[in-house]
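Here the structure comes first, spelled out in structure tokens, and everything after it is commentary.
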Protein chains: 2
Amino acid sequence: MENPLENRFTAADIADAERYMAHEPPAEIDPRIERLVNDLIGRIADKWTLLVLELLEEKGTLRFTQIGRQVEGISQKMLTQTLRQMERDGLLTRTVHPVVPPRVDYALTPLGNSLSAAFCGVWVWAERNLEMVEAARATFDARD
Amino acid sequence: MENPLENRFTAADIADAERYMAHEPPAEIDPRIERLVNDLIGRIADKWTLLVLELLEEKGTLRFTQIGRQVEGISQKMLTQTLRQMERDGLLTRTVHPVVPPRVDYALTPLGNSLSAAFCGVWVWAERNLEMVEAARATFDARD
DNA sequence: CGGAATCCTCGATGATACTG
DNA sequence: CAGTATCATCGAGGATTCCG
């Protein structure tokens with residue numbers, strides 16, 4: 001490899017780093033890209049999506065009803081909808097086995113696994129800071 | 001410090017690590033705690049909350065109308081609601097200045113800053129993988 | 001300026017029934 | 001089993017008005 005760095009970072013990353021070294025402000029964000037990113041976050045930062053993501057990360061491949069049973073409180077409609085959305089975004093694969101009774105397996109793609117890893121920090125934060133948040137809420141609720 | 005490790009990790013962390021070293025399964029999660037964590041995630045993994053969090057992280061202290069102008073598309077009602085919820089959870093401070101016209105400043109607490117940092121990985125993931133997700137969507141939508 | 005209060009709508013979600 | 005289809009609801013959120 002001639003230049004290993006350029007193979008591991010995107011052109012945007014390198015441009016950012018160079019701006020940082022030159023003490024220049026960060027690049028203006030393309031508003032179109034920003035909207036797409038916000039939309040994407042909006043789709044994945046969803047209660048059911050997060051729970052399904054964590055479940056599949058932990059358990060590997062699961063069937064439709066297995067997921068339904070392990071995601072507390074999800075309706076069959078929302079489960080179908082969530083799984084379809086995640087499949088559409090490339091986060092998981094849906095494998096239909098042509099048998100009777102039907103059998104459909106769901107598993108995270110590498111993309112889905114990488115998202116799960118990215119969210120790991122948020123789960124850890126939530127667990128670590130749960131008590132502090134609950135204490136803040138108690139104080140807030142008790143104000144005058 | 002006698003034992004620096006025990007000052008930087010919680011008892012639960014150490015117990016987890018010891019179970020891991022002993023090849024034992026992870027501790028069962030208290031369902032009550034799990035619900036609280038899920039609720040917490042549900043509150044913070046919200047579109048407006050995330051946008052306000054990122055904005056305050058980037059800009060520091062801001063006034064009510066400044067936030068409203070910079071968070072694209074948020075209504076005054078949702079802004080008030082989001083800020084109150086974040087204040088209640090201890091993520092930001094609300095400072096009322098007794099002047100006319102009124103002036104109210106909002107700024108992240110250390111807790112809010114740490115959450116923002118935890119979410120950083122998700123934003124980076126979204127930016128890095130946006131093209132891949134959009135490609136997956138295009139392929140999915142074009143199936144048969 | 002920084003809200004609170006009110007009304008209203010519509011889309012997300014649940015419940016139910018049906019099916020390959 | 002793994003959905004689809006249909007109907008019903010209900011509450012999140014927008015628009016508007018008023019106020020200290």
Side-chain angles (χ1 to χ4, degrees), chain A residues 38-52 55-56 59-89 92-108 140-141 143-144, chain B residues 38-53 55-56 59-89 91-108 140-141 143-144:
Chain A
N38 286 350
D39 289 351
L40 176 54
I41 297 273
R43 260 175 284 137
I44 61 186
D46 165 76
K47 180 184 178 182
W48 300 131
T49 302
L50 290 181
L51 292 176
V52 169
L55 181 66
L56 287 177
K59 304 291 181 65
T61 301
L62 289 177
R63 302 176 58 174
F64 185 82
T65 42
Q66 289 180 312
I67 303 176
R69 260 182 278 113
Q70 297 185 54
V71 176
E72 182 73 19
I74 194 170
S75 68
Q76 186 229 42
K77 178 178 176 178
M78 288 315 296
L79 180 55
T80 300
Q81 195 169 308
T82 301
L83 290 170
R84 285 292 197 286
Q85 181 100 77
M86 293 176 73
E87 185 194 3
R88 187 176 186 228
D89 283 335
L92 55 76
T93 57
R94 177 173 177 270
T95 310
V96 182
H97 296 92
V99 295
V100 295
R103 176 200 178 98
V104 181
D105 285 339
Y106 294 90
L108 293 188
F140 185 90
D141 293 346
R143 81 203 185 288
D144 333 33
Chain B
N38 286 350
D39 288 351
L40 176 55
I41 296 272
R43 262 175 282 136
I44 61 185
D46 165 76
K47 180 184 178 181
W48 300 131
T49 302
L50 289 181
L51 292 176
V52 169
L53 192 71
L55 182 65
L56 286 178
K59 302 292 180 64
T61 301
L62 288 177
R63 303 176 58 174
F64 184 84
T65 41
Q66 289 179 312
I67 303 176
R69 260 182 279 111
Q70 297 184 55
V71 176
E72 182 73 18
I74 194 170
S75 68
Q76 183 236 41
K77 177 179 177 178
M78 288 315 296
L79 180 56
T80 300
Q81 196 170 307
T82 301
L83 290 171
R84 285 293 196 286
Q85 180 97 74
M86 293 175 74
E87 185 195 4
R88 187 174 186 230
D89 283 335
L91 300 178
L92 54 76
T93 58
R94 176 172 177 272
T95 309
V96 181
H97 296 93
V99 298
V100 294
R103 176 197 177 99
V104 181
D105 285 339
Y106 293 91
L108 292 188
F140 185 90
D141 293 346
R143 80 203 185 286
D144 353 12

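Below, each value reflects all heavy atoms present in this structure, side chains not excepted, and no hydrogens, waters or symmetry copies. Each chain gets a letter, A, B and so on, in the order its sequence line appears, and its residues count up from 1.
Fit an axis to the five pairs at each end of the helix from C/dC1-D/dG20 to C/dG20-D/dC1 and the two axes sit 50° apart, to the nearest 10 degrees.
For B/Arg63, the side-chain atoms get nearest to C/dC1 when compared with the rest of C/dT6, D/dC1, C/dC1. The listed nucleotides are C/dG14, D/dA15, C/dG20; the one nearest the side chain of B/Lys77 is D/dA15. Closest to the B/Trp48 side chain, of the nucleotides C/dC1, C/dG3, D/dG14, is D/dG14. Out of C/dG2, D/dA15, C/dG14, the shortest distance to the side chain of B/Thr65 is found at C/dG2.
Contact between the side-chain N/O atoms of B/Tyr106 and the OP1/OP2 oxygens of C/dG3 is found at a separation under 4.0 Å. The phosphate of C/dG3 (OP1 or OP2) has a side-chain N or O of B/Arg94 nearer than 4.0 angstrom.
Across residues 80-87 of chain B, B/Thr80, B/Arg84 each have a non-hydrogen atom less than 4.0 Å from an atom of DNA chain C (numbered order).
Taking atom CG of residue A/Asp105 and atom P of nucleotide D/dA2, one finds them 8 Å apart after rounding to whole Å. For A/Phe64 and D/dA2, the CZ to P distance is 7 Å, given to the nearest whole Å. Between the CE atom of A/Met78 and the P atom of C/dG11 there is a distance of 15 Å, rounded to whole Å. When the P atom of D/dA5 is taken as reference, atom CD of A/Gln76 falls 12 Å away, rounded to whole Å. The interatomic distance linking B/Leu79 (CG) with D/dG14 (P) rounds to 11 Å, in whole Å. For the pair B/Leu62 CG and C/dG2 C1', the computed distance is 15 Å after rounding to whole Å.
Here the shortest heavy-atom pairing between A/Arg63 and A/Tyr106 reads C-CD1, 4.5 Å.
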Test log, rule side chain to side chain donor-acceptor pair (under 3.5 Å), inputs A/Lys59 and A/Gln66: CA-CA 10 Å; A/Lys59 304 291 181 65; A/Gln66 289 180 312; over 6 Å; no
